[in-house]
Amino acid sequence: MENFLFEIKDNVLTISATDLQTSMVTSLPIEAKEEGRVAMPSKILIETLKTLPDQPVAFSVDTATLAIEISAGDGKYKLSGENADDFPKIPVVDNASSVTIPASVLAEAINKTIFAVSNDELRPAMSGVLVQLSEQSATFVATDAHKLVRYRRNDISSQKPTSLILPKKALSLLKSSLPMEDTAVSVEYNSTNAFFKFGSIHLICRLIDERYPDYEAVIPQVNPNKLTLGRHVFLNSLRRVVIFANKTTHQVRLKISGSELHISAEDLDFSNEAHERLSCQFEGDDMEIGFNAKFLVEMLTNLDSEEVVIEMSTPNRAGLLLPAVSEENEDILMLVMPVMLNNMG
């Protein structure tokens, strides 16, 4: 698995890589005298190609010994290949259902959710993004039990309702290889694998075979307290105030009275404290609530709207962070658990 599989057929070179959970395959036109296949050590190959100027590179492979010689300009480099038959089989997705998603929409869905995925290995279901396809929409959900993102698109649908959990690694790879121009990405899936196809790239990943927690049950429905304020102003204020917060909890206090939001943090061990006042719109009863500022900063960074709304009920219930104005065809909700405030001063 430390190798790339090179296969040549009809003047097309197909390159595959896999770690058994995720596989990627791409192909490109080349000039070749013969057909054949060989596994090449990936690290040495990438490091060599990275430093070469843009020039033709020729590979010759000794089929008996699998010795590989690379010629580029005035350089010659020798390395040994491995038998292509030992390369793990890339899974094929049989009996698949499929849905087509524009690359920009898929990239947006990944960007908006991947930051909230859990790294807790004891909860494998939460180490990926849940994708729920229905006849009306597609919903992408990520949570680590402290924060949750639900990103819904009304411009993607599937005749056959289904849900899959896509692993974080595959989504990161997908995110970095999706094209800038708006290509359609074909997504095929069955009960074990998902298969993404765009341009000359195929990515196949094994789905996380777990039950996703019932996230809808966590989202509080009745939130009478609504705070509306500028996203940038709020974000920058939190970025400053958190510098003075406790380094392990990153706890900030939001105190809302009338049309004023008071943000504060303190780190008693170092006698550090910060206070800022922001003007806001607020409907509801004056309240005080604590949050982990790091989570708020991450969430605000991943929203696009000029203004955001925070909906709350009580200081010990989750707060919801929403864009004040939604983009077309998208509906995004972020949830953050509060932290208990001590010494209410």
Side-chain angles (χ1 to χ4, degrees), residues 111-120 126 140-151 215 218-220 223-257 259-267 272-284 286-327 330-342 344:
N111 285 328
K112 290 270 192 290
T113 50
I114 201 166
F115 76 92
V117 170
S118 168
N119 296 321
D120 181 354
M126 286 156 55
F140 300 80
V141 181
T143 183
D144 62 3
H146 303 288
K147 53 184 183 291
L148 177 144
V149 181
R150 184 189 72 196
Y151 179 76
Y215 69 90
V218 193
I219 301 172
N223 304 295
N225 301 321
K226 290 185 172 53
L227 166 70
T228 307
L229 73 173
R231 184 176 67 91
H232 282 290
V233 176
F234 188 32
L235 181 54
N236 289 330
S237 177
L238 286 168
R239 281 185 171 139
R240 285 187 296 272
V241 171
V242 73
I243 299 168
F244 297 83
N246 178 299
K247 293 288 171 272
T248 45
T249 64
H250 308 288
Q251 180 184 306
V252 294
R253 183 186 299 251
L254 306 186
K255 193 173 176 179
I256 316 151
S257 44
S259 58
E260 192 169 82
L261 166 63
H262 182 220
I263 306 179
S264 61
E266 54 188 0
D267 186 348
N272 293 347
E273 56 177 289
H275 298 267
E276 291 202 11
R277 288 178 192 282
L278 302 178
S279 56
C280 61
Q281 287 166 273
F282 184 62
E283 299 164 37
D286 291 1
M287 70 181 290
E288 193 163 0
I289 189 167
F291 287 114
N292 175 325
K294 249 182 100 169
F295 296 156
L296 285 179
V297 164
E298 268 185 309
M299 294 161 94
L300 288 163
T301 309
N302 284 287
L303 285 172
D304 305 319
S305 64
E306 291 288 312
E307 288 198 313
V308 290
V309 181
I310 301 177
E311 298 188 356
M312 296 161 291
S313 53
T314 58
N316 57 357
R317 300 280 310 274
L320 299 183
L321 183 60
L322 311 158
V325 179
S326 292
E327 297 280 318
E330 74 171 31
D331 161 19
I332 185 164
L333 169 147
M334 297 189 176
L335 170 150
V336 61
M337 297 307 287
V339 288
M340 294 313 286
L341 289 171
N342 41 14
M344 300 292 272

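Excluded from the calculations below are hydrogen atoms, water molecules and symmetry mates; all remaining heavy atoms, backbone and side chain alike, are included. Computed from a prediction, not measured in an experiment: that's the story for all the values here.
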- Item | side-chain contact (heavy atoms from CB on, under 4.5 Å) between Leu254 and Glu288, intermediate numbers included | CA-CA 6 Å; Leu254 306 186; Glu288 193 163 0; over 6 Å; no
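- Inter-residue side-chain proximity for Leu278 and Phe234 is flagged as met; some heavy-atom pair is nearer than 4.5 Å.
- Two residues are said to be in side-chain contact when any heavy atoms from C-beta on lie closer than 4.5 Å; Asn292 and Gln251 fail this criterion.
- The side-chain heavy atoms of Glu266 and Asn272, taken from C-beta on, include no pair separated by under 4.5 Å.
- The aromatic rings of Tyr151 and Phe140 sit tilted, their planes meeting at an angle between 30° and 60°.
- The shortest distance between side-chain heavy atoms of Val149 and Val141 does not fall below 4.5 Å.
- Taking all atoms of both residues into account, the shortest heavy-atom contact from Ser237 to Ile263 is OG-CD1, 3.4 Å.
- Expressed to the nearest 0.5 Å, how far CZ of Arg150 lies from OG1 of Thr143 amounts to 13.0 Å.
- For the pair Leu335 and Lys147, the minimum side-chain heavy-atom distance is 4.5 Å or more.
- The line from CD of Glu327 to OG of Ser305 is 8.0 Å long, rounded to the nearest 0.5 Å.
- Side-chain contact of Thr248 with Asn246: a donor-acceptor pair under 3.5 Å is present, judged by distance alone.
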Full working for side-chain contact (heavy atoms from CB on, under 4.5 Å) between Thr249 and Val339: CA-CA 9 Å; Thr249 64; Val339 288; over 6 Å; no
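- Here the CD-CG distance, from Glu273 to Asp267, works out to 10.5 Å after rounding to the nearest 0.5 Å.
- A 6.0 Å sphere centred on CD of Glu260 holds more than 12 heavy atoms belonging to other residues, nucleotides or ligands.
- A salt bridge is defined here as a Lys NZ or Arg NE, NH1 or NH2 lying under 4.0 Å from an Asp or Glu carboxylate O, and Arg231 with Glu307 fails to meet this definition.
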| task | Apply side-chain contact (heavy atoms from CB on, under 4.5 Å) to the pair Phe295 and His146, showing each step before the final yes or no. | result | CA-CA 8 Å; Phe295 296 156; His146 303 288; 3.3 Å; yes
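- Here the closest heavy-atom approach between residue Ala265 and residue Ala245 is recorded as CB-CB, 3.7 Å.
- Between Val308 and Leu300 the shortest side-chain heavy-atom distance falls below 4.5 Å.
- Side-chain contact between Val117 and Thr113: absent, with no pair of heavy atoms (C-beta onward) separated by less than 4.5 Å.
- Across every non-hydrogen atom of Asn111 and Asn302, the tightest pair is O-OD1, 3.3 Å.
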**Prompt:** When you look at Asp120 and Ser118, which way does the side chain to side chain donor-acceptor pair (under 3.5 Å) test go after all the steps?
**Reply:** CA-CA 5 Å; Asp120 181 354; Ser118 168; 5.0 Å; no
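- In this structure the side chain of Leu333 reaches within 4.5 angstrom of the side chain of Leu320, judged on heavy atoms.
- Counting non-hydrogen atoms of other residues, nucleotides and ligands closer than 6.0 Å to NZ of Lys226 gives a total above 12.
- Note that CZ of Arg317 and CG of Asn225 are 12.0 Å apart. Values are rounded to the nearest 0.5 Å.
- Closest heavy-atom contact between Phe291 and Met337: CD2-O, 3.7 Å.
- Residues Leu238 and Ala293 approach most closely at CD2-CB, 4.5 Å, considering heavy atoms.
- Atom CG in Asn223 sits 5.0 Å away from atom OG in Ser313 (nearest 0.5 Å).
- The CD atom of Glu311 lies 8.5 Å from the OG1 atom of Thr228; values are rounded to the nearest 0.5 Å.
- What you find for Leu229 and Ser279 is that their closest heavy atoms are CB-O, 4.5 Å.
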Check: Should Arg239 and Leu235 be marked as a side-chain contact (heavy atoms from CB on, under 4.5 Å) after you check the CA-CA gap, both sets of side-chain angles, and the distance that decides it?
Finding: CA-CA 6 Å; Arg239 281 185 171 139; Leu235 181 54; 3.8 Å; yes
